[in-house]
Amino acid sequence: MARSEARVPTDRPARYAKQLASHLGRRSQTSWDEETGTGGIVFQNGTGTLTAAEDALLLTVETEPENLEVLESVVGRHLVRFGTRDELVVVWHRDNGEPGTTQRNSEAPTPH
């Protein structure tokens, strides 16, 4: 299994993790524990974890190497969309040393 991690700075990590678990729970099995600040996601082709740290949301996905980019994108895109106002950016780091994908709000104003 390949693994990728992201640390997303935010002052509301538990709120975003709970929202992400709830949203992804429509198509995947998810959990969120308010007391421990941890949650999980069981995808069709892998797993994910959500951890609310003091000043960041910590994300992890694990799957076969060929599916890593897809899971990074699914988790990252949804989180960025929820955190548009806070301008969240998700930068993934893979356990094999390769850079992962990056998700950010693409609705930035374009120069004329």
Side-chain angles (χ1 to χ4, degrees):
M1 291 288 250
R3 178 182 176 104
S4 190
E5 299 178 343
R7 181 182 187 282
V8 184
T10 176
D11 58 354
R12 299 185 287 187
R15 175 183 174 269
Y16 285 124
K18 182 179 179 181
Q19 189 175 9
L20 192 58
S22 174
H23 181 76
L24 293 177
R26 296 176 190 167
R27 293 190 173 178
S28 302
Q29 179 184 340
T30 62
S31 63
W32 176 250
D33 185 324
E34 202 73 45
E35 282 188 37
T36 62
T38 59
I41 308 165
V42 179
F43 295 103
Q44 201 171 6
N45 57 355
T47 60
T49 61
L50 313 168
T51 306
E54 188 173 322
D55 60 351
L57 176 55
L58 309 177
L59 307 170
T60 303
V61 292
E62 289 184 294
T63 186
E64 295 303 320
E66 63 271 14
N67 298 323
L68 206 51
E69 186 172 329
V70 171
L71 293 190
E72 290 172 347
S73 179
V74 167
V75 173
R77 281 185 298 112
H78 285 94
L79 182 60
V80 166
R81 190 169 59 222
F82 299 145
T84 298
R85 186 172 32 153
D86 292 337
E87 298 181 8
L88 298 182
V89 176
V90 181
V91 180
W92 294 95
H93 303 278
R94 298 181 181 170
D95 65 352
N96 64 1
E98 291 178 7
T101 62
T102 299
Q103 292 79 37
R104 61 173 37 95
N105 186 353
S106 60
E107 296 178 14
T110 53
H112 294 281

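Bear in mind that the values here come from a model prediction, so they are computed numbers and not experimental data.
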* Flag, side chain of Thr30 to backbone of Leu24, donor-acceptor distance under 3.5 Å ->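 No.
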* What residues form a salt bridge (Lys or Arg N to Asp or Glu O under 4.0 Å) with Asp11, not counting sequence neighbours? ->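 For Asp11, no residue satisfies salt bridge (Lys or Arg N to Asp or Glu O under 4.0 Å) once neighbours in sequence are set aside.
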* Parallel, tilted or perpendicular: rings of Phe82 and His23 (30°, 60°) -> perpendicular
* Under the side-chain hydrogen bond (donor to acceptor under 3.5 Å, both in side chains) test, which residues partner Asp86, sequence neighbours left out? -> Arg12, Tyr16
* **With sequence neighbours excluded, residues passing side-chain hydrogen bond (donor to acceptor under 3.5 Å, both in side chains) with Thr101** =>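 Thr101 satisfies side-chain hydrogen bond (donor to acceptor under 3.5 Å, both in side chains) with Glu72, Gln103 once adjacent residues are dropped.
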Spatial distance of atom [atom1] ([X]) from atom [atom2] ([Y]) [nearest 0.5 Å]:
X	Y	atom1	atom2	result
Leu50	Ser31	CG	OG	8.0 Å
Asn105	Thr84	CG	OG1	4.5 Å
Thr63	Asn45	OG1	CG	4.5 Å

* Asked: Are any non-hydrogen side-chain atoms of Arg3 and Arg94 less than 4.5 angstrom apart?
  -> no
* **Close side-chain approach of Leu59 and Trp92, heavy atoms under 4.5 Å** =>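 When only atoms from C-beta onward are counted, Trp92 and Leu59 do touch, with a gap below 4.5 Å.
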* Asked: Is the number of heavy atoms from other residues, nucleotides or ligands within 6.0 Å of CD (Glu66) greater than 12?
  ->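 For Glu66, atom CD is crowded (more than 12 foreign heavy atoms under 6.0 Å).
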* To do: Check the hydrophobic clustering (I, L, V, M, F, W, Y; side-chain heavy atoms under 4.5 Å; chains of links allowed) and say if Val70 and Phe43 are grouped together.
  => yes
* Indicate if Val90 and Leu58 have the same hydrophobic cluster label, given that clusters are the connected sets of ILVMFWY residues with side-chain heavy-atom separations under 4.5 angstrom. =>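 No, it is not one cluster - the side chains of Val90 and Leu58 are not joined through contacts under 4.5 Å.
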